[in-house]
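Reviewing the structure listed below.
Because only heavy atoms are used, hydrogens play no part in the values below, and waters and symmetry mates are left out as well, while side chains stay in.
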Amino acid sequence: MHKFFQWRRSIHRSLPLNPRLFTHMPSSPLPSISRFLSHSPPAEEEEEAYDPPFSPTRTETPKTEHKPKIISKKKDRPPKVTNEINSGNTTTADFPAKSELPFDFMYSYSEISPGVDPIGFREPKRFSPFGPGRLDRKWTGTSAPAPQKPDLEKLAAERVRVLGDPLSEEEIAELVEKYRHSNCSRQINLGKGGVTHNTLEDIHNHWKKAEAVRIKCLGVPTLDMDNICFHLEDKSGGKIIYRQINILLMYRGRNYDPKQREQIPVMLWKPLSPIYPKLVKNVADGLTFEQTKEKRNIGLKSPPLMKLTRNGVYVNVVEKVRTAFKTADIVRLDCTHVGTSDCKRIGVKLRDLVPCIPLLFKDEQIVLWKGNKECD
């Protein structure tokens, strides 16, 4: 039986015949033959042509049964030693937390001058960086003072007990060889913030699994390495057994127990630095306005004593400035790419350590004057 598909009609039927098209064509039986072939039905023996659908059909795949995973139950392990004050679980820690540490809490212990009082604050003093209601100490804008004065004799006896007997030379050499290399995993980096409050917690975390910790100091704090060593030993209770330029190794002590140490509350954010008095005066002490202006111009035109790099090691800067003041009254330091804030920090350190008078901070250049009296 013949089947005709209406949508597959020949082009000759769909288009009307125009008699003008055949006027220039020769009469031949080819048009009639092509028309006959276009309408010739397929043979009955041949199978019908496969007509694919317009959109692919989804083939149903047999569903595989997933076997349930067998989860092995772990054996009961002892709970980890965590800092309850710093943990986020409010059920285990009662706030406000009480800390019996004998010193005042500050953001930085080595980079703040205790003798200089701020003249203003950039944020309200009621915003404590330890979090609202998390500490029993009141935040004054720069520190959280201890509620009572510490007993120095008791603290010294406790520190001696934790340190135990002094290390022998062989034991010190063994610890130094183990922790002094740059690829040591027990390392803490100190930047321009110096010995910060959260650094103490990092030191105790390393002491849980290691006897000593490697401390690498960079930037402005390296101007006074003695100050860094003092605050590290005083606040953490350890002892520095190795010091090489800006590399320190701090030993925890023979009788150190991480479970019995005092918990250190962590600062949740960095407080904004307060506003301090102006570092450079318009007229230097002991000079007139014209003399101050003249010395500033001389300092800018003089060759730089040395060039400082960003986050470098400034261990020998103080000695070089003192030596230069023996032959010159004004010294210039080239601090290109160091940053304006770091330049002012360097000037404050040199003012107290050399001592000297900073005259100018311009275009990352520091101009220092030794003053009317010669430095010792």
Side-chain angles (χ1 to χ4, degrees), residues 106-123 125 140-143 192-194 219-224 226-228 271-312 314-376:
M106 302 179 182
Y107 171 73
S108 177
Y109 298 103
S110 61
E111 303 306 308
I112 293 180
S113 300
V116 181
D117 297 329
I119 59 177
F121 298 93
R122 292 184 172 88
E123 62 181 359
K125 293 187 290 185
T140 61
T142 57
S143 64
K192 63 181 180 180
V220 182
T222 57
L223 286 168
D224 192 2
D226 295 336
N227 186 34
I228 291 180
L272 297 179
S273 60
I275 303 172
Y276 288 96
K278 195 174 181 180
L279 179 60
V280 178
K281 299 180 180 180
N282 294 331
V283 180
D285 296 336
L287 298 176
T288 62
F289 179 77
E290 296 297 333
Q291 292 174 347
T292 304
K293 185 177 180 180
E294 181 183 359
K295 290 185 179 297
R296 288 172 180 171
N297 293 331
I298 293 174
L300 289 175
K301 295 178 182 178
S302 63
L305 176 64
M306 58 188 307
K307 185 175 181 179
L308 305 182
T309 58
R310 186 176 182 84
N311 292 332
Y314 312 142
V315 176
N316 57 351
V317 174
V318 176
E319 290 297 329
K320 286 189 175 182
V321 173
R322 287 176 180 173
T323 305
F325 276 151
K326 294 179 180 179
T327 57
D329 294 341
I330 299 175
V331 171
R332 178 168 72 93
L333 300 178
D334 187 2
C335 301
T336 307
H337 308 300
V338 172
T340 305
S341 62
D342 285 2
C343 285
K344 293 182 179 180
R345 292 171 185 266
I346 293 172
V348 173
K349 288 274 188 181
L350 294 177
R351 180 192 63 182
D352 300 334
L353 296 174
V354 174
C356 60
I357 299 175
L359 290 179
L360 184 65
F361 293 93
K362 183 179 180 182
D363 298 333
E364 297 183 346
Q365 305 293 319
I366 302 177
V367 178
L368 303 174
W369 177 48
K370 70 176 183 180
N372 290 327
K373 296 181 180 180
E374 294 183 359
C375 299
D376 295 336

Closest non-hydrogen atom pair between [X] and [Y], with its separation:
X	Y	result
Ile119	Pro277	CG2-CG, 4.0 Å
Tyr314	Thr222	N-OG1, 2.9 Å
Pro358	Gly347	CG-O, 4.5 Å

Tell me, with the steps shown, if Phe121 and Thr142 meet side chain to side chain contact (heavy atoms under 4.5 Å, CB included). CA-CA 9 Å; Phe121 298 93; Thr142 57; 4.0 Å; yes

Tyr109: partners by side chain to side chain donor-acceptor pair (under 3.5 Å), with sequence neighbours left out: His197

Report the residues that fulfil side chain to side chain donor-acceptor pair (under 3.5 Å) with Asp117, sequence neighbours left out, ordered by chain and then residue number. none

[atom1]-[atom2] distance between [X] and [Y], expressed to the nearest 0.5 angstrom:
X	Y	atom1	atom2	result
Thr340	Asp363	OG1	CG	9.0 Å
Leu279	Arg345	CG	CZ	12.5 Å
Leu223	Ser110	CG	OG	11.5 Å
Ile330	Phe325	CD1	CZ	8.5 Å
Asp224	Leu353	CG	CG	5.0 Å
Asp342	Leu308	CG	CG	10.5 Å

Without swapping roles, check the side chain of Gln291 against the backbone of Thr288 for a donor-acceptor pair under 3.5 Å. yes

With sequence neighbours excluded, give me every salt bridge (charged side-chain N to carboxylate O under 4.0 Å, His left out) pair touching residues 327-340. Asp329-Lys370

Taking salt bridge (charged side-chain N to carboxylate O under 4.0 Å, His left out) as the cut-off, I'd like each qualifying pair that reaches into residues 346-360, sequence neighbours left out, listed once. Glu111-Lys349

Is there any side-chain hydrogen bond (donor to acceptor under 3.5 Å, both in side chains) pair reaching into residues 292-305, and which pairs are they, with sequence neighbours excluded? none

Please list, chain by chain and in numerical order, all residues satisfying salt bridge (charged side-chain N to carboxylate O under 4.0 Å, His left out) with Lys281, sequence neighbours excluded. Asp285

